[in-house]
Amino acid sequence: MPEPNLRFQRARESLPSPSVPGEPASRQDLADLVNAWIFEKHQRVRQLDQQYIGKLERGEVRWPNAEYREALRAILNVNQDNDLGFSRSRRSKPAATVADVDRKGFLRTALGVAAAVPLADLVPARSANLPAVVSAADIRELKHMASVFLTWDHTYGGGLVRDAVAAQLRYSVALLEHARCPAALRTNLFVAVGWLGQVAAAMAFDSYAHDDARKMFRLALTCAEEAGDWHLRAKVLSSMARQAIWCGDADNGLTLVELAMVRADRLTPAERAMLLSARARALAKLGMVQETLETIGHADDQFTRIHPTEEPPWMRYYDAAQHAGDTGHALFDLAINGQFIGEASTRLANAVAGHSAAYVRSRAISGIKLASLTMATGDPEEAALIGARAVTDAGTVRSCRAQDDMRELARLARPHETRTPVAELRHRIRAAIQA
């Protein structure tokens, strides 16, 4: 068994958490700080995660690469690698048996692989060749790919396959730029690429790769405008608004929603309800209470007019649970300050009850919000029970948004941690975020 690197673990635990006041930095906190430091210093995107920090603490990795060591020294405020317990391994490799040599030699001969070939050299250097002419089948494949990635995102979060969808998006853009497309198919191609761009951007947003998300949202919006597709345009602008609101720019979020509502007569009821829910979120963040309530009323009215079979594919998700969750989130910002607590709680509870396993991330986020509201305004032990179920859901997805919501719940629970269920909830939140 490797010897634990207690020096590195103590250094991490002495670093204050940037997300949970009064707590030490979690493994994921440190990983996020390293990724941010490397991007700021070297303009390179890294995907360091809490699993790798765990390997460092367990001693499974004793000599991380130079870039990681540089970032960790700066963040943990030490001068030498040895201060963090890092050292090059001096252990000699075990002698290879005759059987090992024979097996490895056989594989090299059979596969035509020379000794000591880097693994990267065994990966194709180029992606699949572009077709000379785009066909209807190519467009169907793009739309199917977007639907598959969207389903994965709803169920598992945006973290796992974000790189894969980004690579597919690059290929799709190359189709637009370099492959010949018949005039009759060009609009559909723009819609397919725009739809894939919307999915990729939403995944990046969920992973807090905000700059990437903004670029891909702009790509998706450009495709929607080029195709003259008002439905895709509304969806993309709605997502852009939600990202702006999440990032603390509710005023810009409101502007984006209003832009999407231009010629709302061309949109479907589900699209109008979606946009009005986003508008209500922005208004609530801006403290405009009466306007928030009126907008939620308009959203409810549009929701009653929905006929699912008449909605575009990307709006099929907007069911009763989604509407309850979206409007409940808008009311949360009023309820946390003591207004309309019952209505906000009812809507969030309906969202939790209505979301199926295919939308586990949405169920988790609504459940965490409901627990936070109950913790702040109601019975802490009831909140702990609600929160425990939500944390179980959140543990099955990779979502930075869900993690931040759990941190908020842990903060609200802290004054009540003398109660056993609340203390257990805070422990579960820490474990879920680290895992």
Check this for me, if you would: do [X] and [Y] make a salt bridge, where the nitrogen-to-carboxylate-oxygen distance has to be below 4.0 angstrom?
X: R316; Y: E311; result: no
X: D29; Y: R407; result: yes
X: E57; Y: R12; result: yes
X: R347; Y: D300; result: yes
X: D393; Y: R361; result: no
X: D49; Y: K55; result: no
X: R305; Y: D301; result: yes

With heavy-atom distances below 4.5 Å as the criterion, would you say the side chains of [X] and [Y] are in contact?
X: L276; Y: I296; result: no
X: L370; Y: T374; result: yes
X: I75; Y: L15; result: yes
X: P4; Y: R58; result: no
X: L142; Y: L189; result: yes
X: W37; Y: E70; result: yes
X: L259; Y: R233; result: yes
X: R263; Y: R266; result: yes

Roughly how far, to the nearest 0.5 Å, is [atom2] of [Y] from [atom1] of [X]?
X: T377; Y: I341; atom1: OG1; atom2: CD1; answer: 4.0 Å
X: S366; Y: I386; atom1: OG; atom2: CD1; answer: 12.0 Å
X: I38; Y: L33; atom1: CD1; atom2: CG; answer: 11.0 Å
X: Q302; Y: Y318; atom1: CD; atom2: OH; answer: 10.5 Å
X: M240; Y: Q198; atom1: CE; atom2: CD; answer: 10.0 Å
X: L56; Y: F8; atom1: CG; atom2: CZ; answer: 4.5 Å

Steps toward salt bridge (Lys or Arg N to Asp or Glu O under 4.0 Å) verdict (R401, D404)
CA-CA 5 Å; R401 288 184 294 156; D404 264 2; over 6 Å; no
Measure from the side-chain N and O atoms of [X] to the backbone N and O of [Y], and report whether any donor-acceptor pair falls under 3.5 Å.
X: R272; Y: A264; value: yes
X: N65; Y: Y68; value: yes
X: R363; Y: A390; value: no
X: T392; Y: A388; value: yes
X: N337; Y: D333; value: yes

Could you list the residues that satisfy side-chain hydrogen bond (donor to acceptor under 3.5 Å, both in side chains) with [X], not counting sequence neighbours?
X: E226; value: none
X: S14; value: none
X: D81; value: R69, R73

Regarding [X] and [Y], do their side chains bring together a donor and an acceptor under 3.5 Å, going by distance alone?
X: T295; Y: R279; answer: yes
X: E310; Y: T268; answer: no
X: N5; Y: Q9; answer: no
X: W246; Y: Y208; answer: yes
X: R281; Y: S277; answer: no

Applying ring pair (Phe, Tyr, Trp, His ring centres under 6.0 Å), can you list everything that pairs with F332, at least two apart in sequence or on another chain?
none
Determine, stepwise, if the pair R430 / H427 fulfils side chain to side chain contact (heavy atoms under 4.5 Å, CB included).
CA-CA 5 Å; R430 283 194 296 270; H427 174 75; 4.0 Å; yes
Which residue pairs pass the ring-ring contact (aromatic ring centres under 6.0 Å, His included) test with at least one member in residues 277-305, sequence neighbours excluded?
F303-H323
Under the side chain to side chain contact (heavy atoms under 4.5 Å, CB included) criterion, do Q322 and H355 qualify, and how do the steps go?
CA-CA 8 Å; Q322 185 67 38; H355 279 305; 3.6 Å; yes
Where [X] and [Y] come nearest, the two heavy atoms and their spacing:
X: L348; Y: G325; result: CD2-O, 4.2 Å
X: L283; Y: E291; result: CD1-O, 3.6 Å
X: A324; Y: N350; result: CB-CB, 4.1 Å
X: A432; Y: V391; result: CB-CG1, 3.8 Å

Check the surroundings of atom CG in N77: do more than 12 heavy atoms from other residues, nucleotides or ligands lie under 6.0 Å from it?
no
Full working for salt bridge (Lys or Arg N to Asp or Glu O under 4.0 Å) between D326 and R242:
CA-CA 11 Å; D326 280 359; R242 290 167 194 272; 3.5 Å; yes
Under the criterion salt bridge (Lys or Arg N to Asp or Glu O under 4.0 Å), I'd like the reasoning laid out for E408 against K369: C-alpha separation, chi angles, the key distance, then a yes or no.
CA-CA 9 Å; E408 179 186 42; K369 282 293 187 185; 3.2 Å; yes
Intermediate values then yes/no, side chain to side chain contact (heavy atoms under 4.5 Å, CB included), L76 and L30:
CA-CA 9 Å; L76 297 174; L30 181 55; 4.3 Å; yes
Please tell me whether F217 and F205 form a close aromatic pair, meaning their ring centres lie under 6.0 Å apart.
no
Please check if the distance between the ring centroids of Y359 and Y317 is under 6.0 Å.
no
List the atom pairs, with distances to 0.1 Å, where a side-chain N or O of residues 417-425 and a protein N or O form a donor-acceptor pair under 3.5 Å, not counting sequence neighbours.
from : atom 1 : to   : atom 2 : distance (Å)
E417 : OE1    : R426 : NE     : 2.9

Would F190 and T222 count as a side chain to side chain contact (heavy atoms under 4.5 Å, CB included) here? Give the steps.
CA-CA 9 Å; F190 272 108; T222 300; over 6 Å; no
